[in-house]
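Throughout, numbering of the chain's residues begins at 1 and tracks the sequence.
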Amino acid sequence: MIFVFIVRDLLLIVGAAARNELRWAKQHLYFLLVLGPIVVGFAFITADRAAAELPVLQPGYYPFLFGAVLFFLALFAAGLSQTAAEIYQVRRPESVFESFPVDPIIHLS
């Protein structure tokens with residue numbers, strides 16, 4: 001019996017989310033049907049022309065490994081900055097509480 005209530009509640013939530021997305025799509029038809037395909041099309045045309053002009057690159061093992069590590073570190077740094085902003089509340093209204101004389105152990109708990 002409880003399972004029926006849970007499923008019904010989940011279906012209500014999914015239905016509400018679908019209606020919300022449908023409303024958003026109706027309000028942004030121009031962006032979805034005109035601007036989106038234009039931007040994606042020009043991006044593909046530009047990438048195709050740029051790729052045709054480049055020489056064939058066949059990097060070895062070490063340059064590929066270096067690029068992969070560099071890409072991972074860039075992604076890690078991007079995620080780290082968001083995490084630091086959440087922990088230290090940089091430029092947020094919660095930053096007012098940082099000036100209170102509270103022990104760090106209490107602040108982190």
Side-chain angles (χ1 to χ4, degrees):
M1 190 66 166
I2 294 174
F3 180 72
V4 173
F5 291 124
I6 292 173
V7 171
R8 187 182 67 190
D9 292 343
L10 287 176
L11 288 176
L12 286 173
I13 292 171
V14 168
R19 282 190 302 276
N20 186 30
E21 294 299 321
L22 187 62
R23 281 187 206 120
W24 181 88
K26 284 180 183 178
Q27 292 173 355
H28 297 92
L29 278 177
Y30 179 72
F31 297 111
L32 292 173
L33 298 178
V34 176
L35 289 181
I38 288 173
V39 169
V40 171
F42 278 119
F44 278 127
I45 290 170
T46 305
D48 183 45
R49 287 186 181 180
E53 295 294 325
L54 291 175
V56 178
L57 296 176
Q58 295 180 351
Y61 176 75
Y62 292 111
F64 181 75
L65 182 64
F66 177 73
V69 169
L70 190 67
F71 184 70
F72 171 75
L73 290 176
L75 287 177
F76 182 74
L80 188 61
S81 65
Q82 180 63 29
T83 305
E86 289 178 5
I87 291 175
Y88 297 112
Q89 288 118 10
V90 179
R91 285 175 261 147
R92 292 185 176 185
E94 293 88 5
S95 64
V96 173
F97 298 120
E98 295 291 332
S99 63
F100 291 157
V102 177
D103 290 339
I105 195 73
I106 293 172
H107 181 68
L108 293 176
S109 64

Residues 41-56, side-chain donor-acceptor partners within the protein, below 3.5 Å, at least two apart:
from: T46; atom 1: OG1; to: F42; atom 2: O; distance (Å): 2.8

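Here L22 sits alone; no ILVMFWY side chain lies under 4.5 Å from its own, so it joins no hydrophobic cluster. In the hydrophobic clustering, L75 connects to F71, either directly or through intervening members, whenever side-chain heavy atoms lie under 4.5 Å apart. As a member of the Ile/Leu/Val/Met/Phe/Trp/Tyr network built from side-chain separations under 4.5 Å, V14 groups with nothing else and remains a singleton.
Minimum heavy-atom separation, L32 to P37: O-CD, 3.5 Å.
Linking ILVMFWY residues whenever their side-chain heavy atoms come closer than 4.5 Å, directly or via other members, places V69 and F72 in the same cluster.
Among residues two or more places apart in sequence or in another chain, the side-chain contact (heavy atoms from CB on, under 4.5 Å) test is passed with Y62 by none. When the side-chain contact (heavy atoms from CB on, under 4.5 Å) test is applied to R23, the partners found at least two apart in sequence or on another chain are R19. Residues satisfying the ring-ring contact (aromatic ring centres under 6.0 Å, His included) test with F66, not counting sequence neighbours, are none.
L33 CG to I38 CD1: the interatomic distance, rounded to the nearest 0.5 Å, is 11.0 Å.
Here ring-ring contact (aromatic ring centres under 6.0 Å, His included) pairs that include residues 6-34, with residues two or more places apart or in two chains, are W24-H28, H28-F31.
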